[in-house]
Amino acid sequence: MSAMESKSHQYREQSIDVLARTIYGEARGEPVRGKEAVAAVVVNRVRRARLRNGYWWGHDIKSVCHKPWQFSCWNEGDPNLEKIIAVTSVNSVYKTCLRIARRAVAGTLKDPTGGATHYHALGVEPPWARSQEPSATIGRHKFYANIE
């Protein structure tokens, strides 16, 4: 493996790891389709950023997931943060998250959200969602595709 291939492999593995931990933190209690939907939101944000040559929430999986106040599981002080950092592939739910993340990074994950870049839990109504129509409701989350 050349140095360039090694660096690319390392970047890919980091992307998979961060995305899997994000899925675990945001949707570990959801069915597989709900986990896939969270992964799709991250991928859709990356895609939108690349189409626009950058966007405020980041330009790749790691920067999108780690953007402050976007995925609460990464927020300092959030009780999920310790859980997502400590989880390993011994955990069967996390294994599922890893499989979904691999598919998302490889570009083979089907998007069940209709292109969503945002979501929130049912029972919560953030100000940005009040005038929006959800593109999908999956598990305990509503997804939105037309948010600027």
**OP:** Would you please test L122 and K142 for side-chain contact (heavy atoms from CB on, under 4.5 Å) and show each step?
**Re:** CA-CA 6 Å; L122 296 178; K142 285 185 180 181; 3.5 Å; yes
**OP:** Please round to the nearest 0.5 Å and tell me the distance separating atom CG of N75 and atom CD of Q70.
**Re:** 9.0 Å
**OP:** State the CG-NZ distance between L19 and K62, to the nearest 0.5 angstrom.
**Re:** 13.5 Å
Original post:
Among the clusters formed by ILVMFWY side chains lying less than 4.5 Å apart, do V43 and Y119 turn up in the same one?
Top reply: no
**OP:** Could you grab the distance from atom CZ of R21 to atom CD1 of I16, nearest 0.5 Å is fine?
**Re:** 12.5 Å
Original post:
Going by the salt bridge (charged side-chain N to carboxylate O under 4.0 Å, His left out) test, which pairs reach into residues 30-45, not counting sequence neighbours?
Top reply: E30-R140, E36-R103
Original post:
Do you see a donor-acceptor pair shorter than 3.5 Å between the side chains of R12 and S15?
Top reply: no
Original post:
With a 4.5 Å limit on heavy-atom distance, are the side chains of H66 and V18 in contact?
Top reply: yes
Could you go through residues 130-138 and list every donor-acceptor pair under 3.5 Å that involves a side-chain atom there, pairing it with any protein atom two or more places apart or in another chain?
| from | atom 1 | to | atom 2 | distance (Å) |
| --- | --- | --- | --- | --- |
| S135 | OG | T113 | O | 2.6 |
| S135 | OG | F143 | O | 3.2 |

Original post:
A145 and G114: which non-hydrogen atoms are nearest, and at how many Å?
Top reply: CB-O, 3.4 Å
Original post:
Does any N or O in the side chain of N44 come within less than 3.5 Å of the main-chain N or O of T117, such that one atom is a donor and the other an acceptor?
Top reply: no
Subject >> Set of residues satisfying side chain to side chain contact (heavy atoms under 4.5 Å, CB included) with respect to L81, sequence neighbours excluded >> reply: W74, I84, I85
Original post:
Does NZ or CZ of R28 come closer than 6.0 Å to the centre of the six-membered ring of Y24, within 45° of the ring's axis?
Top reply: yes
Subject >> I23 CD1 to C73 SG distance, which is reported to the nearest 0.5 Å >> reply: 10.0 Å
Original post:
Any idea which heavy atoms bring G25 and N80 closest together, and the distance?
Top reply: O-ND2, 3.5 Å
Original post:
Stepwise, does the side-chain contact (heavy atoms from CB on, under 4.5 Å) test hold for H118 with W57?
Top reply: CA-CA 11 Å; H118 290 70; W57 57 53; 3.8 Å; yes
Original post:
E26 side chain to S72 main-chain N or O, any donor-acceptor pair under 3.5 Å?
Top reply: yes
Original post:
Would you say D111's side chain and A40's backbone share a donor-acceptor pair under 3.5 angstrom?
Top reply: no
**OP:** Decide whether S63 and D60 meet the rule of one side-chain donor and one side-chain acceptor closer than 3.5 Å.
**Re:** yes
Subject >> Shortest non-hydrogen contact between A27 and G34, atoms and distance >> reply: CB-O, 4.1 Å
